[in-house]
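The analysis underlying the following values was restricted to heavy atoms, covering all of them including side chains, and did not include hydrogens, waters or symmetry mates. Chain letters run A, B, ... following the sequence lines, proteins first and then strands; every chain starts at 1.
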Protein chains: 2
Amino acid sequence: MTTQSESAAIRGAHTVTMSDVAQQAGVSSATVSRVLNGNYPVAQSTRDAVKRAIDDLGYTANAHARALASSSTHSVGIIVNDLVDPFFSYIVRGVEQEAATTGRLCIVAASQGDVDREIELIDRMISQRTDAVIVVGGGYDDASARRRMAERARTLAGIGSALVLCGRPSVGENVPTKIVGYDNEGGAFAVTEHLISQGHRRIVYLGGPVGLSTSVARLAGYRRAMQSHGFEVTPELVRQGAFGRRFGHAAMSELLDARLDVTAVFAANDLVAAGALDAMTAQGVRVPEDISLVGYDDIPQSSELTPKLTTVHVPLEDMGRESVRLALSRTDDAFGRHADGEIIVGTRLIVRESVAAPAAVPWGHR
Amino acid sequence: MTTQSESAAIRGAHTVTMSDVAQQAGVSSATVSRVLNGNYPVAQSTRDAVKRAIDDLGYTANAHARALASSSTHSVGIIVNDLVDPFFSYIVRGVEQEAATTGRLCIVAASQGDVDREIELIDRMISQRTDAVIVVGGGYDDASARRRMAERARTLAGIGSALVLCGRPSVGENVPTKIVGYDNEGGAFAVTEHLISQGHRRIVYLGGPVGLSTSVARLAGYRRAMQSHGFEVTPELVRQGAFGRRFGHAAMSELLDARLDVTAVFAANDLVAAGALDAMTAQGVRVPEDISLVGYDDIPQSSELTPKLTTVHVPLEDMGRESVRLALSRTDDAFGRHADGEIIVGTRLIVRESVAAPAAVPWGHR
DNA sequence: CTGAAAGCGCTAACAG
DNA sequence: CTGTTAGCGCTTTCAG
């Protein structure tokens with residue numbers, strides 16, 4: 001048997017191309033293309049000969065030549081802030097899965113939350129002519145960024161691809177984007193309501209970058225719930241900053257040191273909650289006996305904290321999958337114009353162990 | 001000002017190509033290519049004209065055409081088991097970072113631990129002609145898989161790319177692969193020694209798929225440490241299975257239910273340790289007072305457990321970075337033959353809070 | 001410094 | 001069913 005490596009060695013370092021295969025099989029390259037793509041009738045005998053030649057030569061089609069000659073590149077692009085943050089990695093997992101299911105490869109890039117970098121990465125994806133470019137996570141209310149994003153959206157729509165905003169608000173009317181979102185305001189409202197229903201009224205909102213759409217919306221939901229019950233949201237009750245564990249820890253420590261009179265904490269996401277929990281545990285504050293705590297996102301780790309975290313579930317992986325499905329579904333109308341597509345996934349309160357009725361005497365005031 | 005979108009609208013849906021730009025700028029496409037690549041002298045005025053045309057037209061180079069005509073594709077491929085497992089996601093982060101630094105994009109794919117799927121994905125990466133294909137994580141001692149892997153390694157080397165095995169042993173002598181590894185056996189030996197030095201002698205080895213190179217090596221290190229002290233490793237002391245949190249929980253619960261006489265647990269990785277810790281906490285077993293616990297990998301979450309986990313540090317992100325560096329460093333000799341490259345990163349014991357001297361009376365025997 | 005022209009490897013009509 | 005023939009959009013000699 002002639003193995004791939006042997007023949008490669010015999011033939012030298014020249015890359016094996018389709019016409020090599022054609023020649024070896026005694027057919028034309030068109031025929032090789034046909035058996036490869038299986039989208040056209042080819043005699044069984046010819047097919048076999050071609051397959052044998054492919055094997056013997058160790059031929060692997062050049063995806064670039066293919067992309068150039070045909071249309072689809074069989075790839076999707078995804079841009080996230082950070083690949084190790086569970087929020088993003090679960091979404092990436094969903095995207096990769098759905099891409100694989102549809103025979104596509106997945107190009108991922110991390111923007112580190114830098115807007116310019118993000119645009120730059122979108123441009124690189126455009127260069128790659130990916131079948132979709134998925135941008136994940138909240139954005140800032142920045143007119144320039146929005147305008148540049150809109151330009152890319154148009155370019156992508158123009159080449160038959162699509163820009164999908166996953167967990168990010170629209171960048172403007174009449175901009176051809178697809179959106180996969182979830183209800184940040186509503187979820188925040190619900191979880192705050194839950195706290196209030198347990199008797200809390202001095203609730204602090206902790207974390208989330210100032211101005212980031214996601215955290216703006218969560219804060220709004222919190223505010224609406226508080227106000228609908230006539231509870232005042234004093235400035236000291238709102239502690240924004242970042243979405244990480246570290247911030248949660250630092251901000252909570254500070255809060256505790258200040259002996260602020262609060263009975264519950266709404267952390268802007270689960271990571272912040274985890275950090276806050278650490279800080280409380282370190283200072284001997286019991287959750288939920290002394291202070292109740294809730295988070296947002298329901299990343300799997302949340303149910304592994306002690307106590308298990310009450311939070312708002314967001315179907316991250318599904319959002320990833322939906323993003324590619326939506327992008328791939330052609331929504332052009334009869335005139336070839338690109339219509340908008342939008343999916344809002346459901347969000348729901350997950351009650352676990354981190355909430356209880358407020359302590360008779362608040363922590364730090366005994 | 002003529003915006004990109006306006007002119008795109010005027011021009012219709014035809015993708016903007018280089019010759020469009022050339023025409024608009026009144027030069028040849030060769031010139032456009034030159035200013036784009038900046039690797040050849042072009043008059044300043046011409047350069048400006050071209051740039052303006054590019055802007056006006058909203059031109060974005062087609063990466064596939066470029067890859068086809070030139071050589072480098074400016075991309076690297078990486079294959080992991082699972083994108084949300086911190087072990088893998090940190091490595092991916094390192095790869096993405098280094099790729100970005102060298103102006104490359106990163107194609108990622110998940111094999112879900114399936115060998116055939118892994119080979120299939122390598123083939124797709126070969127199709128993409130990525131500058132490197134990085135396969136991450138332990139492998140099974142499977143001759144067929146190794147042979148197929150070796151074939152791919154040769155193919156890749158033949159087209160000027162490279163197969164790098166990150167955290168996986170060599171697939172054979174004279175196979176042109178690059179290796180980025182770390183000392184599993186040594187780290188396991190060290191952490192087991194640590195336990196022994198604290199007075200433990202009934203230590204259970206928990207987790208890790210049977211036969212997976214990584215876990216085989218860790219188990220070997222554990223055995224060597226035990227045996228060097230004359231402690232017998234009875235079969236009941238070795239509980240293999242998987243690398244996940246769920247397995248850790250299940251196996252530890254079982255162990256506890258069996259009232260097995262052990263004073264310490266060496267979890268095959270931190271996820272298993274986290275699961276085991278959960279199980280112990282649930283049953284009222286205190287760590288480390290009743291039973292000591294150690295893990296492996298030192299994923300960041302390890303220091304966020306209660307108690308903080310004593311474990312073996314593995315520089316995951318660095319390994320990712322090194323993988324692409326190594327792959328990109330040409331190590332061809334004068335005859336154009338591809339030489340092997342290998343990096344073994346350091347591993348070190350991280351002592352935290354999960355180990356103490358054994359209890360006078362073992363848990364479950366009071 | 002710039003243009004013309006020959007591919008890179010493949011797909012997709014268009015003829016047989 | 002199969003071969004011929006154009007390109008896809010770019011890079012890269014080779015000539016000016």
If you check the B/Arg34 side chain, which of D/dG9, D/dC14, C/dC1 turns out closest?
D/dC14
In whole angstroms, the gap separating P of C/dC1 from OH of B/Tyr40 amounts to 10 Å
Interatomic distance, B/His74 NE2 vs D/dT11 P [rounded to whole Å]:
9 Å
With respect to the side chain of A/Thr31, which nucleotide from C/dT11, D/dC10, D/dG3 is positioned closest?
D/dG3
Side-chain N or O of B/Ser70 versus OP1/OP2 of D/dC10: is the shortest distance under 4.0 Å?
no
Assert: residue with more 5' nearest nucleotide on DNA chain C, out of A/Asn62 and B/Ser29, is B/Ser29
Length of the CE-P vector between A/Met18 and D/dC8, whole Å:
18 Å
In a check of side chain to side chain contact (heavy atoms under 4.5 Å, CB included) between A/Ile91 and each of A/Ile134, A/Val180, A/Val136, which one passes?
A/Val136
Restricting to salt bridge (charged side-chain N to carboxylate O under 4.0 Å, His left out), what partner residues turn up for A/Glu118, sequence neighbours left out?
A/Arg168
Rounded to whole Å, how long is the line connecting atom CG of B/Asn39 with atom P of D/dT13?
10 Å
What nucleotide among C/dA5, D/dC10, C/dC10 has an atom nearest to a side-chain atom of B/Tyr59?
D/dC10
note: B/Asp20, atom CG; D/dG9, atom P; distance rounded to Å ~ 9 Å
What's the closest nucleotide to the B/Ala69 side chain, out of C/dC8, C/dG9, C/dC10?
C/dC8
C/dT2, OP1 or OP2 - any side-chain N/O from B/Thr46 closer than 4.0 Å?
yes
The nucleotide from C/dG9, D/dT11, C/dC10 with an atom nearest the side chain of A/Leu68 is C/dG9
Which nucleotide in the set C/dT11, D/dG3, D/dC10 lies at the smallest distance from any side-chain heavy atom of A/Ser28?
D/dG3
Among the nucleotides D/dC1, C/dC10, D/dT12, whichever has the atom closest to the side chain of A/Ala43 is D/dC1
Given B/Asp55 and B/Arg52, is the salt bridge (charged side-chain N to carboxylate O under 4.0 Å, His left out) satisfied, shown in steps?
CA-CA 5 Å; B/Asp55 259 30; B/Arg52 195 166 332 106; over 6 Å; no
Among residues at least two apart in sequence or on other chains, which ones pass salt bridge (charged side-chain N to carboxylate O under 4.0 Å, His left out) with B/Arg104?
B/Asp131
Check the pair B/Gln128, A/His64 against side chain to side chain contact (heavy atoms under 4.5 Å, CB included), reporting the backbone distance first and the verdict last.
CA-CA 7 Å; B/Gln128 296 291 328; A/His64 301 292; 4.1 Å; yes
Check this one for me: any side-chain N or O of A/Asn37 less than 4.0 Å away from OP1 or OP2 of C/dT11?
yes
Which whole-number value in Å describes the distance from A/Gln23 CD to D/dT2 C1'?
17 Å
Tell me what A/Val27 touches on the nucleic acid: a base, only sugar-phosphate, or nothing, going by heavy atoms under 4.0 Å.
sugar-phosphate
Considering only side-chain heavy atoms of A/Ser33, which listed nucleotide, C/dC1, C/dG3, C/dT11, is closest?
C/dT11
Could you check whether A/Ala67 gets within reach of a base, just the sugar-phosphate, or nothing at all, counting any heavy atom under 4.0 Å?
nothing
A/Val42 side-chain proximity, nearest of D/dT2, C/dA5, C/dA12:
D/dT2
